[in-house]
Amino acid sequence: MLKIHNSQTRKKEVFTPIEPGKVRMYVCGMTVYDLCHLGHARVLVVFDAVTRYLRFSGYDVTYVRNITDIDDKIINRANENGEEFSALTERFIQAMHEDAAELGVLSPDEEPRATSSMKDIIDMVQTLVDKGHAYAAKTEAGNGDVYFDVSTFEDYGKLSGKKLEDLRAGERVAVDENKDDPLDFVLWKAAKPGEPSWDSPWGKGRPGWHIECSAMSTCCLGNHFDIHGGGQDLQFPHHENEIAQSEAATGETFVNLWMHNGFVRIDDEKMSKSLGNFFTVREILKLYKGEEIRYFVLASQYRSPLNYSDQLLDTARTALSRLYNTLRDLDVPADYDENDGAVTRFKQAMDDDFNTPEALAVIFDLANQVNKLRDTDVDAAVKKAAVLKKLANVLGLLEQDPEQFLHAAAAETDSDVDIDALIEARNTARENKDWAEADRIRDELDAMGIVLEDKDGKTVWRRS
């Protein structure tokens with residue numbers, strides 16, 4: 001029985017889809033004005049793993065992850081670069097797709113873009129105006145701006161737990177003479193000279209950030225869908241505002257269950273561009289493989305903080321090497337024993353709010369069993385290895401050829417030592433009957449955790 005922590009109720013709930021057997025899920029994607037950083041990577045990997053597990057559990061999943069390809073940051077960056085905003089966004093969308101692929105992230109079923117959803121956005125703003133939940137700015141200076149009136153939505157704050165009176169009293173809200181209330185938020189922005197714009201009933205302009213996601217999600221998944229996800233930083237105001245404008249426009253419950261992954265921290269301090277302590281995925285990929293980054297992300301439960309360190313990524317590399325080493329030289333079939341006790345334990349872990357650290361512990365227990373069986377019962381080892389590989393694949397792991405991964409990992413981990421060259425030197429020593437030198441090299445490799453196996457006149461190696 002799958003239980004998921006609902007950010008709105010602040011407790012784990014038994015997951016019951018609106019339509020039996022089907023899941024409709026929307027996750028806030030990137031605003032594409034720069035390269036993906038580790039925070040984006042966590043969102044990509046977490047909800048990819050969620051989608052994979054839901055499908056493994058038998059659900060028909062429709063996964064939508066949007067792209068925000070028009071907003072202030074995009075316009076400002078394009079102006080700084082002296083290029084069209086569309087050229088900028090296309091470049092970073094391509095980079096995002098490349099980074100996602102490196103991390104083993106599957107493509108979503110739909111990937112709507114704000115600039116391709118303009119009619120739906122304008123229609124939703126018009127509906128809110130018609131229903132009295134939104135208004136056009138009342139001063140000439142603000143002509144063309146449209147705002148959502150938070151006072152018309154009684155349940156504002158139900159996701160974040162914030163109350164309007166507390167927000168007004170305790171938060172510094174910039175004074176804007178165009179608004180009736182400082183907490184009202186923009187739905188449509190009047191175009192400034194030289195900015196990209198679209199025609200609307202309120203003149204040329206572009207959408208506010210919040211309305212983009214409401215329009216794209218309901219257009220793709222309907223007015224009421226199962227799961228909405230994203231980073232913890234989006235809970236307020238972005239997701240709070242999504243709820244208000246969506247439910248005000250449709251008169252229906254927007255989302256049944258909200259999922260938010262935790263912050264990424266650097267040296268126990270929240271990662272942010274303002275602090276200058278963030279890493280792009282591409283910077284990390286220069287030092288670690290995408291699967292190692294993916295393992296590092298999944299080694300923490302998705303709601304907990306994720307603290308970046310080279311030591312933890314090194315641990316991820318070692319862990320993956322061990323798992324790939326377990327599969328080495330075994331002809332592992334695609335079919336697996338669904339009744340193996342490890343499958344039950346894996347499901348119990350993942351059914352408990354996608355507890356990936358516990359699921360990984362099950363996979364390592366399987367690896368121990370395989371290694372114990374290798375020398376005594378190869379058939380039994382292969383059967384266990386099939387279960388291991390299947391469960392790891394559910395998490396998007398162990399999808400590479402073991403030999404290729406291990407050789408690449410060895411080259412990166414032991415940059416000052418060429419393992420193959422040492423093995424060749426040992427073979428030469430053996431041919432020359434220099435047994436002392438051959439034993440010395442074997443001891444050196446053993447100290448590095450390299451196990452040698454002489455098979456059919458050829459020496460192969462694996463990590464212990």
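No hydrogens, no waters, no symmetry mates; every other heavy atom, side chains included, goes into these values.
Between Lys158 and Glu247 a salt bridge is recorded (basic side-chain N to carboxylate O distance below 4.0 Å). We find that Glu90 and Arg113 are joined by a salt bridge, their nearest charged nitrogen and carboxylate oxygen being less than 4.0 Å apart. Salt-bridge annotation for Lys22 and Asp226: absent, with no side-chain N of the basic residue lying under 4.0 Å from a carboxylate O of the acidic one.
Aromatic rings of Phe148 and Tyr135 (six-membered ring for Trp) have centroids beyond the 6.0 Å cut-off, not under it.
For the residue pair Arg24 / Asn256, no side-chain donor-acceptor distance below 3.5 Å is found, with atom types taken as modelled. Side-chain contact of Tyr324 with Asp401: a donor-acceptor pair under 3.5 Å is absent, judged by distance alone. Side chains of Asp352 and Gln348: no donor on one and acceptor on the other come within 3.5 Å. No side-chain N or O of His224 forms a donor-acceptor pair with one of Thr253 less than 3.5 Å apart. In the model, Tyr302 has a side-chain atom that pairs as donor or acceptor with a side-chain atom of Asp353 under 3.5 Å.
For Glu195, the side-chain contact (heavy atoms from CB on, under 4.5 Å) partners at least two apart in sequence or on another chain are Ile75, Lys192, Arg206.
Using modelled atom types, no side-chain atom of Arg65 and backbone atom of Met30 make a donor-acceptor pair closer than 3.5 Å. Asp184 places a side-chain N or O within 3.5 Å of a backbone atom of Val150 that can act as its donor or acceptor partner. Using a distance-only test at 3.5 Å, with no hydrogens or angles considered, no donor-acceptor pair links the side chain of Ser246 to the main chain of Ile243. Formation of a donor-acceptor pair under 3.5 Å by the Glu291 side chain with backbone atoms of Leu398 is found in this model. Between the Thr280 side chain and the Glu283 main chain, a donor and an acceptor come within less than 3.5 Å of each other. Looking only at distances, no side-chain donor or acceptor of Glu111 sits under 3.5 Å from a matching main-chain atom of Val64. The closest donor-acceptor contact from the side chain of Arg42 to the backbone of Phe263 lies under 3.5 Å. At least one donor-acceptor pair closer than 3.5 Å links the side chain of Glu240 to the backbone N or O of Ser160.
Of the residues listed (Asp71, Asp145, Asp72), the one engaging Lys189 in a side chain to side chain donor-acceptor pair (under 3.5 Å) is Asp72, and it is the only one. Just one residue in the list Thr62, Thr218, Asn66 forms a side chain to side chain donor-acceptor pair (under 3.5 Å) with Tyr26, and that residue is Asn66.
Atom CD of Glu84 is surrounded by 12 or fewer heavy atoms from other residues, nucleotides or ligands within 6.0 Å. Other residues, nucleotides and ligands place more than 12 heavy atoms under 6.0 Å from the CD atom of Glu80.
Rounded to the nearest 0.5 angstrom, Asp34 CG and Arg77 CZ are separated by 4.5 Å. Taken from CG in Leu106 to CG in Leu44, the straight-line distance is 11.5 Å, to the nearest 0.5 Å. In this structure, CG on Leu366 lies 14.0 Å from NZ on Lys389, to the nearest 0.5 angstrom. Note that the OG atom of Ser300 and the CG atom of Asn307 stand 9.0 Å from one another [nearest 0.5 Å].
Legend: ring-ring contact (aromatic ring centres under 6.0 Å, His included) pairs involving residues 203-223, not counting sequence neighbours, sorted by first then second residue: Phe185-His210, Trp209-His238, His210-His238.
Residues Tyr288 and Asp310 meet the side-chain proximity criterion, which asks for heavy atoms closer than 4.5 Å.
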